[in-house]
Amino acid sequence: MSWSILKLLRENPEVLKEHVKKRFMDPSIIDEAYRTDLEWRKTLTVIQELRHKHNVISKEIPKLKGEEKEKKIREAKEVLRQLEELEKKLKQLEERRMKLLFSLPNIVHESVPMGPDDSYNVPIRFWGKPKVWSGYIEQFKEQTEKYGFKVEYEEISWKPVGHADMLENVLKLGDTYKAAQVAGSRFYYLFNDIVFLDMALLAYAIDYLTSKGYTLVLPPYMLRYKIMMGVIDMDTFKDAIYKIEGEDLYLIATAEHPLAALHAGEDLPEEILPLKYVGISPCFRKEAGAGNRDLKGIFRVHQFHKVEQFIYAKPEESWELMEELISNAEHLFQGLGIPYRVVNIASGDLGAPAAKKYDLEAWMPAQGRYREMVSCSNVTDWQAFRLRIRLIRRRGMIKEYLHTLNSTAIASTRTITAILENFQEPDGTVVIPKVLRKYLEIFKNAPIDAIHPVKKET
RNA sequence: GCCGGGGUGCCCGAGCGGCCUAAGGGGCUGGCCUUGAGAGCCAGUGGGCCAUGGGGCCCGCGCGGGUUCGAAUCCCGCCCCCGGCGCCA
């Protein structure tokens with residue numbers, strides 16, 4: 001049984017080093033991991049020989065009597081003394097080894113564009129007819145034609161109001177100032193129509209994915225440290241994860257985490273794969289690395305709702321399933337009518353777990369930019385190794401690590417920002433996408449066609 | 001949260017300091033047999049290290065420590081499950 005990354009580390013560390021370089025990370029980690037693994041194995045071998053010696057002596061003892069027995073016991077104690085020191089060393093080596101192995105990023109897929117940061121991300125397709133304000137035509141072309149795509153757009157002469165102002169001042173359906181007083185920045189109160197919209201978006205995503213056969217899951221919102229480390233890398237842990245004081249519990253940053261944990265430690269027979277799940281949960285994120293970015297409004301917040309897709313797959317099917325996940329997300333955004341592009345994330349911008357990642361970015365008319373709404377990753381066997389999730393091949397009962405994939409379906413607050421900007425009319429009215437109607441109609445006081453601005457008091 | 005009972009391999013289930021190299025059964029995988037299926041028979045069925053022409057060894061009985069020459073078995077801490085009491089939406 002083998003983990004692809006450990007196999008490569010042992011058999012061909014130089015190739016693994018190339019993958020780390022592609023991510024613009026320090027490749028010396030590979031040398032260190034290689035050396036530590038080797039020394040661990042050597043030490044282990046020596047210890048096992050000593051243990052064997054000790055076992056042989058121990059087995060002889062009950063057959064002996066008197067002085068001979070005493071002699072053997074002294075002999076056994078001597079071996080134990082030798083072992084004690086070596087085992088201390090082994091324990092240190094093993095801790096070091098696991099720490100290093102757990103810090104290794106995934107192998108980068110060949111189709112991932114090379115580059116140190118998000119400016120090297122490559123758009124692979126566009127959908128929809130974006131509304132582009134006259135002042136943003138140039139920068140719109142920078143984001144489309146520069147990559148060789150001719151995207152049809154509708155030029156508008158009025159500049160749409162940004163999502164944060166729409167929420168707070170035009171519609172007056174959100175209050176981030178009060179939330180900041182009572183909870184801190186990046187929190188929010190949302191009211192009435194926006195709350196209905198939030199719930200409708202989640203229902204819309206759940207309805208679509210369950211109708212495609214995905215199993216609906218309401219997961220735990222907190223997980224133990226050991227599970228968290230099986231699901232995410234150290235950087236994410238530091239930047240995103242909230243801890244519960246005094247307990248070994250951490251708030252999830254997405255339903256991906258508990259969904260990956262759902263089969264932790266299990267061996268799944270190949271015929272039940274792929275297992276497709278759709279989870280719904282709140283997401284808690286510290287946003288520690290975000291600085292002052294997107295400080296206003298509800299685009300980047302400490303807490304939001306998300307519907308998440310998650311798949312356990314056979315390795316030979318995972319790349320195909322990744323396309324299914326992104327196309328599901330696209331279907332949802334097409335249904336909403338939000339213009340978007342799908343980008344292939346550059347090697348240096350990939351998180352450590354992902355072998356490849358697509359983002360779905362919605363056009364934001366008030367910002368004149370495409371912004372991330374959905375993130376879709378194939379993490380291959382990176383999580384499966386850490387959580388010990390394997391598949392069993394019927395033929396020969398062979399066990400191997402399976403692949404896991406995850407993708408946003410709908411993240412409610414972000415999607416709301418896209419709706420506030422894309423379906424805004426010059427008078428501040430926000431037209432509600434028709435697909436949400438049936439999910440709004442169930443509430444007597446929910447808006448159906450549009451959300452209207454609060455009349456200015458004169 | 002407190003008191004009591006429990007956690008053994010893929011599943012059921014014995015064992016309760018050295019004969020455990022974890023009995024026995026079931027399932028699953030491979031082989032033999034068969035026109036085919038079934039039955040039957042044989043073998044395999046936790047993880048790892050070394051050697052890779054079969055092989056050798058270490059670790060493993062919820063998790064982590066400890067006692068002992070020797071622990072599934074004894075001691076301590078933690079997790080989880082079942083029952084009772086308490087608390088609670």
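Note that this is a predicted model, so its numbers are computed, not measured. Residue numbering restarts at 1 for every chain, and letters A, B, ... go by the order of the sequence lines.
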Of the listed nucleotides B:C79, B:G47, B:C50, the one nearest the side chain of A:Lys399 = B:G47
Give the rounded distance in Å between these two atoms: CD of A:Glu247 and C1' of B:C79.
-> 13 Å
Sidechain N-carboxylate O distance under 4.0 Å for A:Asp449, A:Arg437 | yes
Provide the distance between the two P atoms, one in B:C75 and one in B:G18, to the nearest whole Å.
-> 16 Å
With rounding to the nearest 0.5 Å, note down the distance linking CD1 in A:Ile241 to CG in A:Leu251.
-> 8.5 Å
Nucleotide B:G48, atom P - distance to CE of A:Met98 in whole Å | 11 Å
Would you mind reading off the distance between A:Arg41 atom CZ and B:U52 atom C1', rounded to a whole angstrom?
-> 14 Å
Listed by chain and number, what are the side-chain hydrogen bond (donor to acceptor under 3.5 Å, both in side chains) partners of A:Asp37, not counting sequence neighbours?
-> A:Arg10, A:Arg41, A:Arg97
Determine which nucleotide pairs with B:G60, using a 3.5 Å limit on both distances of a Watson-Crick or G-U wobble pair.
-> none
Would you kindly compare A:Asp267 and A:Lys42 by the position of their nearest RNA chain B nucleotide and give the one closer to the 5′ end?
-> A:Asp267
Quote, to the nearest angstrom, the P distance that separates B:U68 from B:C63.
-> 23 Å
Sticking with atom C1', work out how far B:C80 lies from B:G62, rounded to a whole angstrom.
-> 7 Å
Round to the nearest Å and state the distance from A:Ile392 atom CD1 to B:G9 atom C1'.
-> 13 Å
Using the P atom as the reference point in each nucleotide, state the distance between B:A14 and B:C78 in Å, no decimals.
-> 28 Å
Rounded to the nearest angstrom, tell me the gap between atom CD in A:Glu270 and atom C1' in B:C28.
-> 13 Å
Whole-Å distance between B:G47 C1' and A:Glu400 CD?
-> 17 Å
Can you give one letter per nucleotide of nucleotides 58-70 of chain B, 5' to 3': B if a protein heavy atom sits under 4.0 Å from the base, S if only from the sugar-phosphate, - if neither?
-> BS-----S---BS
Rounded to the Å, how far apart are A:Leu38 CG and B:C49 P?
-> 12 Å
A:Arg10 side chain near B:C49 phosphate (N/O to OP1/OP2, under 4.0 Å) | yes
When both distances are under 3.5 Å in a Watson-Crick or G-U wobble arrangement, the nucleotide paired with B:C41 is B:G31
Spacing of A:Ile398 atom CD1 relative to B:G44 atom C1', expressed in whole Å = 13 Å
Complement of B:G17, any strand, by Watson-Crick or G-U distances under 3.5 angstrom | none
When the C1' atoms of B:U8 and B:G24 are considered, how many whole Å apart are they?
-> 14 Å
For B:G47, take OP1 and OP2 only and decide whether either is under 4.0 Å from a side-chain N or O of A:Arg390.
-> yes
Please measure how far the P atom in B:U73 lies from the corresponding atom in B:C59, and state the result in whole Å.
-> 15 Å
Ion pair present between A:Asp31 and A:Lys17, side-chain N to carboxylate O less than 4.0 angstrom?
-> yes
Run the salt-bridge test on A:Lys276 and A:Glu324 with the 4.0 Å N-O cut-off and return the result as yes or no.
-> yes
Base partner of B:C85, which must satisfy Watson-Crick or wobble distances under 3.5 Å | B:G1
Mind checking the C1' distance from B:G56 to B:A51? Whole angstroms is fine.
-> 8 Å
May I ask you to say whether A:Arg393 pairs ionically with A:Glu270, meaning some side-chain N is under 4.0 Å from a carboxylate O?
-> yes
Using 4.0 Å as the upper bound for N to carboxylate O, is an ion pair formed by A:Glu271 and A:Lys314?
-> no
Given A:Glu287, A:Lys296, A:Gln303, A:Lys286, the one that forms side chain to side chain contact (heavy atoms under 4.5 Å, CB included) with A:Arg186 = A:Glu287
Parallel, tilted or perpendicular for A:Phe333 and A:Tyr340, by the 30°/60° rule?
-> perpendicular
If pairing requires Watson-Crick or G-U wobble contacts with both distances under 3.5 Å, which nucleotide is the partner of B:A51?
-> none
In whole angstrom, give me the gap between the C1' atoms of B:C28 and B:G83.
-> 35 Å
